[in-house]
Each structure stands twice: as C-alpha cells, then as structure tokens.
Amino acid sequence: MSARLLDGKALAERVTGEVRAAVAARVARGGNAPGLAVVLVGENVASQVYVRNKRKTTEGVGMRSYAHDLPADVPEPELLALIDRLNADPDVSGILVQLPLPAHVDPEQVTERIDPRKDVDGFHPYNIGRLVLKRPTLRPCTPYGCMKLLEETREPLAGKHAVIIGQSNIVGRPMALELLMARCTVTICHSATRDLPELVRLADIVVAGVGKPRFVAGDWIKPGAIVLDVGINRLPDGKLCGDVDFDAAKEHASWITPVPGGVGPMTIAMLLSNTLRAAEWQDAPLPSG
C-alpha cells in the first residue's frame, strides 16, 4: 500500500478562491471589504515569515491588511491598548496577534482582550466554548483546516477512532472537539501517555502535533489509517519535515499530508475564511448556530 496525498496547497487555493469570490460579491453589494489586522511583536524570524505570508494572502483575496509591528520590549499595557483600539475600529474585521509572544507578555491576557467577534484565530474562550457546545462561530484555524482535509478523503468519519498526539490549546484540544463534533471516538495523547505506539496503532485517524521531527514511526500507523501531520520542523540541513516519518508512514496509510504542502497552507486559508465570517458576524446582531 502507498498512501494518497492530501494536497493542502491545492485545497487552500480552492478555499482562498471561494473567499476571494465572496469578498468581491460583498463589495459589489455595497459592503466593505473585510480588514485583517496582524500584530507582530519582536523580530522572531519564523514569525516574520508567517506574518508576511498572511498579509500577502489577505491582500490577494481583496481584503484590507493592517500591519502593526511592535518592538520585542513593548510593555504589555501598550499591546493591550492597541488591541482595544483595533476592537473599536469598524474597518478591522479580524485581529491576529502572532505567537509566540515575548516572555513578559501574558498570551492569555492578549487572547481574552480580543473581541470574540474579531478573534479570527478562534482561541478566545467564547469561541472555544461554542465549539465545545457544537455551535461553532470562529474556529481555530489549524484544526478547522484539518477537518477540510478530512472531507477531501470522502470517507465517513462517524465511528472512526482518532488519536491526537499533542494537547496544545492551538491544535490538540480544539482538534479533539472538531473530531467529536464529527462523531469520532477521540483519544488525546501527551507526554505522560503510556504505550503511545500501541495507542496510535489502534487509530483510524492520526493527528500528529507534538513538535518533534519524525517522532511518529511508520510502523505505528495502522494499515489504511488517515494521517494528518501538523508538525513543521527544520532539520540541520535546512530541510523541513513533519512530526511523522513520512516515507515509512505512507506505506501503511491510506491518506497522508506532506510537509510542507499539507496542513500549513490550510491554516492560512481558514484564517481568511474566518476573517470573512467575522465581517459577516459583525454585520448581524447574533452569530449563527
């Protein structure tokens, strides 16, 4: 068996095309183009690359992009005051504060300061709470992108056993909620999990988000399983790889995401989808269920 590729780059292009068309239709009706404000604190090289890509893609779909680049030593009250101004700005539909933040800034304070209607990362407790209740509004972008990739397989998800490796608030926990909403049986694994390889071998769906290069061995993968590799790691030779040993795992899986070109492009695509939804939410008095 050799797995079929889940091409996140191609799907992301399709999603961004749909967003571009919806933005154009919105403007043609007399509405404002959605605006995305991206706040970058400090000079983390990886963050600068991510932010540059996000801003470029935002403008490419006809949205307005607002850049706010702050020094690494910006006082936390100053950052929170900026978020307050963006919350009050009607031209700003969505706010994204790029992580990680410097050690002196509390990321939870920052996340909770963002208006839930403009929380296009989907991390505010209000939006996570709605996901818990199966009434999602703005959904965390990476898990949301993973669900779109799973749709591409056209396999029924109900009843499948999904094993998630990693319990972060950004990927693991909201991914579990997404899969539960799809009626999967979900196991979340982390650093204290015992017999991890044996648990992974039981999985119909594996989501790897542990942040360790090629951590998941190929022989952990159950024949026919779907593998979503969220990890992106840079090797000493400069090449990128995921958290899964791709070459070995593809001989067991039925579907697998490559790194790069798998989950990563979908994260940005769903950010744009969230920004459009945020603009629509702000037009209406209440979110749809």
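A salt bridge does not link R26 to E280: none of the charged nitrogens lies less than 4.0 Å from a carboxylate oxygen. Note on R117 versus D115: salt bridge recorded, some NZ/NE/NH1/NH2 to OD/OE distance being below 4.0 Å. With salt bridges taken as basic N to acidic carboxylate O contacts below 4.0 Å, none links K148 and D7. Comment: R14 engages E152 in a salt bridge, judged by a side-chain N to carboxylate O separation of less than 4.0 angstrom. Under a 4.0 Å N-O distance rule, the pair D243/R214 does not qualify as a salt bridge.
Atom CG of L202 is separated from atom OG1 of T187 by 8.0 Å, given to the nearest 0.5 angstrom. Note that OG1 of T111 is 6.5 Å distant from CG of L99, once rounded to the nearest 0.5 Å. A distance of 13.0 Å separates CG of L40 from OH of Y50, quoted to the nearest 0.5 Å. In this structure, CG in L272 is found 9.0 Å from CG in L276, a value given to the nearest 0.5 Å. Within the model, atoms OH of Y66 and CG of L86 stand 10.0 Å from one another, a figure rounded to the nearest 0.5 Å. The line from CH2 of W255 to NZ of K250 is 15.5 Å long, rounded to the nearest 0.5 Å.
The hydrophobic clustering, which links ILVMFWY residues whose side-chain heavy atoms are closer than 4.5 Å, places V244 and V259 apart. V206 and F246 fall within the same hydrophobic cluster, defined by Ile, Leu, Val, Met, Phe, Trp and Tyr side-chain heavy atoms under 4.5 Å apart, directly or through other members. M181 and M175 fall into different hydrophobic clusters, where Ile, Leu, Val, Met, Phe, Trp and Tyr are joined by side-chain heavy atoms under 4.5 Å apart, directly or via other members. V110 and I128 are members of different hydrophobic clusters when ILVMFWY side chains are connected at heavy-atom separations under 4.5 Å. Both V263 and L150 are part of a single hydrophobic cluster, where members link through side-chain heavy atoms under 4.5 Å apart.
Evaluated for a side-chain contact (heavy atoms from CB on, under 4.5 Å) with I226, the options T257, I256, L6 yield exactly one hit, L6. Between T267 and the options C141, C146, P143, P140, a side-chain contact (heavy atoms from CB on, under 4.5 Å) holds for only C141.
Looking at E251, its side chain never comes within 3.5 Å of a backbone N or O of G218 through a donor-acceptor pair. A donor-acceptor pair is defined here as one N or O able to donate and one able to accept, closer than 3.5 Å; no such pair exists between the side chain of T193 and the backbone of L196. With hydrogens and angles disregarded, a donor-acceptor distance shorter than 3.5 Å links the side chain of N233 to the backbone of G242. Between the side chain of T57 and the main chain of K54, no donor-acceptor pair closer than 3.5 Å is present. In this structure a side-chain-to-backbone donor-acceptor pair under 3.5 Å is missing from H68 to I83. The main-chain N or O of R113 is found under 3.5 Å from a side-chain atom of N87 such that the two form a donor-acceptor pair. Formation of a donor-acceptor pair under 3.5 Å by the R55 side chain with backbone atoms of V38 is found in this model. Of the possible polar contacts, none joining the R139 side chain to the Y144 backbone as a donor-acceptor pair under 3.5 Å is found. Not one N or O on the side chain of D245 forms a donor-acceptor pair closer than 3.5 Å with the backbone of A217. In terms of modelled atom types and a separation under 3.5 Å, the side chain of R64 and the main chain of A33 share a donor-acceptor contact.
Minimum heavy-atom separation, E112 to H124: O-NE2, 3.4 Å. Between S93 and A278, the closest heavy-atom pair is O-CB, 3.5 Å. Contact detail for V97 and I114: the closest heavy-atom pair is CG2-CD1, 4.2 Å. Across every non-hydrogen atom of M270 and V15, the tightest pair is SD-CG1, 4.2 Å. Taking all atoms of both residues into account, the shortest heavy-atom contact from L235 to P213 is CD2-CB, 4.1 Å. The two residues L131 and P136 come nearest to each other via the heavy atoms CD1-CB, 4.0 Å.
Proximity of K56 to N53: side-chain heavy atoms (C-beta onward) are nowhere separated by under 4.5 Å. Two residues are said to be in side-chain contact when any heavy atoms from C-beta on lie closer than 4.5 Å; I205 and L157 meet this criterion. Side-chain contact between V163 and V207 is absent, with no heavy atoms from C-beta onward closer than 4.5 Å. In this structure, D73 and P102 have side chains that are not in contact, with every pair of non-hydrogen atoms separated by 4.5 Å or more. Considering only heavy atoms from C-beta on, L36 stays 4.5 Å or farther from I95 through its side chain. Inter-residue side-chain proximity for E155 and K160 is flagged as met; some heavy-atom pair is nearer than 4.5 Å. M266 is listed as a side-chain neighbour of L11, based on a closest heavy-atom distance under 4.5 Å. Contact of the L138 side chain with the P116 side chain is not registered, since no non-hydrogen atoms from C-beta on lie closer than 4.5 Å.
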Given the rule in the side chain to side chain contact (heavy atoms under 4.5 Å, CB included) test, do E43 and Q48 qualify, once you have shown the distances and angles that lead to the verdict?
-> CA-CA 7 Å; E43 298 181 353; Q48 289 175 331; 3.7 Å; yes
Tell me, with the steps shown, if T275 and T58 meet side chain to side chain contact (heavy atoms under 4.5 Å, CB included).
-> CA-CA 9 Å; T275 302; T58 300; over 6 Å; no
Verdict with reasoning, L179 to M147, per side chain to side chain contact (heavy atoms under 4.5 Å, CB included) | CA-CA 8 Å; L179 289 164; M147 296 307 294; 4.0 Å; yes
Between L70 and L79, is a side chain to side chain contact (heavy atoms under 4.5 Å, CB included) present by the stated rule, with each step listed?
-> CA-CA 8 Å; L70 305 177; L79 174 57; 3.8 Å; yes
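Sorted by first and then second residue, the side-chain hydrogen bond (donor to acceptor under 3.5 Å, both in side chains) pairs involving residues 196-212 (not counting sequence neighbours) are E198-R201, D204-K222.
Not counting sequence neighbours, the partners of F215 by the ring-ring contact (aromatic ring centres under 6.0 Å, His included) test are W220.
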